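Working notes, beginning with the structure itself.
Small disclaimer: the values here were computed from a predicted structure and weren't measured.
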Amino acid sequence: MKNKFVKAMLVLVLGSALLTSCKPKDSSDAAIGDAEKAYVAPGKYDEFYNFVSGGFSGQLSVYGLPSGRLFRVIPVFSVDPEKGWGYSEETKPMLNTSHGFVPWDDLHHTEMSQTNGEVDGRWVFGNANNTPRIARIDLKTFKTAEIIELPNSGGNHSSPFITENTEYVVAGTRFSVPADYSDGDVPINTYKQNFKGHISFVKVGKEGEMDLAFQIVTPGVNFDLSHAGKGKSHGWFFFSCYNTEQANTLLEVNASQKDKDFIMAVNWKKAEEYIKAGKGKKQAVKYVHNKWNEKTHSATSETKTEVLVLDAAALKDICYMIPCPKSPHGCDVDPSGEYIVGSGKLAALIPVFSFDKLMGAIKDKKFDGDYGGINVVKYEAALHGEVQKPGLGPLHTEFDGKGNAYTTFFVSSEVVKWDIKSLKVLDRVPTYYSVGHLCIPGGDSKKPFGKYLVAYNKITKDRYLPTGPELAQSAQIFDISGDKMKLILDFPTIGEPHYAQAAPADLIRNNGQLKFYKIGDNNHPFAAKGEKESKVTRQGNQVHVYMTSIRSHFGPDNIEGIKMGDEVYFHVTNLEQDWDVPHGFGIKGANTAELLIMPGETATLKWTPDRVGILPFYCTDFCSALHQEMQGYIRVSPAGSNVPLSFSLGTNLPAATK
Ligand code: RUQ
Ligand code: CUA
C-alpha cells in the first residue's frame, strides 16, 4: 500500500515537472530521469555497493545503487574529523610519508580486488595522486588497512589497477622526474636527458599485504591510466602515455604536437622472470609503508630504502609502445581480454586494439623504430579498428558483458554505447554536464553485472539548488538493461569523483562484516579491558589515562593532580560488545582531536592543558538515553602544585587542597 502511494507521488511529481519545464538545458525533458527505478523503499537494501573516489577530498565514499544514498565516507588519504582519522595518536602514522605527515591528498581511482578476473568483495584500492601512494581498504571493516608510498614517482595517476587474481596493483608516474636515485638538481629543460618514467608493481599477499616488488624505468613521458590484461591477455598490463613530445612547459600546446602518443604494453610475467634471473638493479630510495593492526588498534609506519628496477630499454621484451591517437587518457580492456580501448582526449575516433594482433605483430617484429629504446609496434598491425565519429573528447570506457562498450565524452557531454566487435555506435545519451569517469558494476572485470551505469560529471551548473560559487559534483545513474540507456537518477557526491567501482551488495554484506571488535582480542598497550583496569599513571610529565567507556559513563570520571606542563594521553577503551554503539570523547581545549571509538576498540587523544582550572569532558556520540550524563571532570593545577594524582568513579575523592 505504502509503496503504491509513494510511487503514485513520484509519478505525480515527475508528471508536474514535465508539464512545467520547457526550457532546454534546464531540467529539460531529456534530463528528467525515470526515478521510480531508483526508488528503494525505506528499510530495504540497495542492489549494489558503489565505491566512489572523492578526488580532491582524498577520501572514498560509499553509496547504494540504484538509490544513490550515501552510506559512509571512508577516510583514506586525508584527515577526517568525523572519524578521528589522522587526529588520534593511533591513526597518525597512516598519513606518514617520506615527506612527513601529509594531511590531505587527492584520491583518483578505485579498484576492487578480483579472483579469476571477477570482483571478489575483499578489498578496494585507491591511489594518492599528489604524494604517490596506494591504499588498501578492508571491506570487512570499511577501514583503510594499509598505505604504501611509491618512490621515483610524481603524480601517481595510472593507479591502482590490478591483475585478475590481485597478484599486483600497479602505479605509473604521471609526472616523469629524475629518479630519486639520481641527481635531481638538473635544469628543467633537460627533461629529455634526465627525466624518467617509473611504473611500479606492488605485490598483494593473501591477507592483502602490499609490497613494492619492482619498478620498470622508461623514457620520460606522462603515464595517464592503465588496465590489466585478463583472460588471454592475463600477464600483460596496458598504460596510456601522453607528452611523448617530452615537453617541460606549456603542455597544453607542447604536449599536443604529435598525431599519436602511445599505449605501453607491459609483459609483467616476463618482468617477473627477469627479476628472478637477477636482472633487477637495486636502487637506493626512500619510501614509507604504513599498516593498520586490528589487534592493537594502531598503525605503524616503516621506512624502506631499496627498490629493484628493471630497464625497459635494455630488456627489449618487457615493454612495447602501441601508437595511439592524440593524448590518450582512458586505457580499458574488454571482459574477454582481447580488446584494448584507447581514448585520445583530442581524437575524433576511438582506436580499439586487438591483443591477438599485438602478439602477432611482436612475433613478426612489425615495428616502426623505437621510442627511447622501446620497440614501437606498427599502428595498423595492432589495430582491431576505429570507432568513427563517436563524439568529442573520449575519456573512459566500461563494459556490460554483453558485447557493448560505453565511453564517456567530456567535450560533447555524453555517454556513447558501441559494439566492441563491429565498432558501430548503438546509442548515446547526454550527461549534465561534461562527464569524466563512469562505472558499471564489475564493468572493468571479466564479469560485468550490467544493469546500471553511473556517470560522474565534472560540471553541475543548474542541476541542484545553488550553493554559492561551488556546487556539489554530480553523478547520474542510467538504466542500461535495455537497448537504450535511460537516465534514472541524479545524486550529489563528496569531492570530485574520478573512477568508481560497484559490486553486488550480497558479495560484501556476506563477506564476514565486522560488527564489533572482541574486547578479549584487544592488544592495545594502553587498553583497559574492564572498569577495574582503568587507572591514571604518571611518568615524568606524561600522564596516561587508561579510561573505559560504557553506556553511560567513563571510568574514571573525576581526575585530579594534572599539572601545567603535563602531556595527558586519554586512552579510551569502548567496552561495548554490540553493533553500532560507538562512544565519543571530547575535552575542552583539546586541539588535537575528538575521538570516536568503536565497540571493543581503544583510541588515544593527546591533550596538553593550557590553563589551571576544571575542564570537563564528555561523550560526543549519542549512545543512550543518558548520553547527556556521560561526562567527567579534570582538575588542572599549577606546575609544582602538590595536589596528588588521583582518579575515581562513583565515589567522591577525599578533598585535596593546594
Ligand atoms: S582521471 S576523469 Cu584520474 Cu579521467 Cu578523473
Ligand atoms: Cu557514550 Cu554518548
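Ring geometry, Phe201 versus Trp268: the interplanar angle falls from 30° to 60°, so the pair is classed tilted. Using cut-offs of 30° and 60° for the angle between ring planes, the His227 and Phe161 rings count as tilted.
Contact record, Ile350 with Gly342: CG2-O, 3.5 Å, taken as the closest heavy-atom pair. Smallest separation of non-hydrogen atoms from Ala381 and Lys366: CB-CD, 3.8 Å. Heavy atoms only, all atoms of each residue included: Lys357 and Leu383 are closest at NZ-O, 2.8 Å. Minimum heavy-atom separation, Ser53 to His108: OG-O, 2.8 Å.
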- Could you walk me through whether Tyr499 and Glu398 pass side-chain contact (heavy atoms from CB on, under 4.5 Å), step by step? CA-CA 11 Å; Tyr499 202 27; Glu398 289 264 278; 2.6 Å; yes

- Query: Does the pair Ser354 and Asp356 meet the rule for a side chain to side chain donor-acceptor pair (under 3.5 Å), with working shown?
  - Reply: CA-CA 5 Å; Ser354 149; Asp356 286 345; 5.3 Å; no

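Pro219 meets the side-chain contact (heavy atoms from CB on, under 4.5 Å) test with Gln246, Tyr371, Ile374; sequence neighbours excluded. Every residue meeting the side-chain contact (heavy atoms from CB on, under 4.5 Å) condition with Ser412, not counting sequence neighbours, appears here in chain and number order: Leu392, Phe409, Glu414. Listed by chain and number, the residues in a side-chain contact (heavy atoms from CB on, under 4.5 Å) with Ser158 are Phe223, Ser226, Phe239 (sequence neighbours excluded).
Under the 4.0 Å criterion applied to side-chain N and carboxylate O atoms, Lys270 and Glu273 are assigned as salt-bridge partners. Classification of Arg463 and Asp490 as a salt-bridged pair holds, one side-chain N sitting under 4.0 Å from a carboxylate O. Salt-bridge formation is detected for the pair Lys484/Asp427: a Lys NZ or Arg NE/NH1/NH2 atom is positioned less than 4.0 Å from an Asp or Glu carboxylate oxygen. Ion pair Lys421/Asp419 not flagged as a salt bridge, since none of the NZ, NE, NH1 or NH2 atoms sits closer than 4.0 Å to an Asp/Glu carboxylate oxygen. At a threshold of 4.0 Å, the pair Arg133-Asp105 counts as salt-bridged, since one of the basic side-chain nitrogens sits closer than that to a carboxylate oxygen.
For Lys258, the NZ atom counts as densely surrounded, since its 6.0 Å shell holds more than 12 non-hydrogen atoms of other residues, nucleotides or ligands.
Glu167 places no side-chain N or O within 3.5 Å of a backbone atom of Lys203 that could act as its donor or acceptor partner. The backbone N or O of Ser98 lies less than 3.5 Å from a partner atom in the side chain of Glu149, making a donor-acceptor pair.
For the pair Val266 and Met264, the minimum side-chain heavy-atom distance is below 4.5 Å. Using a 4.5 Å heavy-atom threshold, the side chains of Val170 and Phe237 count as touching. When side chains are defined from C-beta on, Thr166 does not count as touching Thr163, because their heavy atoms never get closer than 4.5 Å.
Under the 6.0 Å distance and 45° angle rule, Lys260 counts as a cation-pi partner of Tyr379. The cationic group of Arg136 does not satisfy the cation-pi geometry with Phe125, failing either the under 6.0 Å distance to the six-membered ring centre or the 45° limit from the ring axis. A cation-pi contact, defined as under 6.0 Å to the ring centre and within 45° of the axis, is absent between Lys345 and Phe410.
Asn127 and Ser159 share no side-chain donor-acceptor pair at under 3.5 Å.
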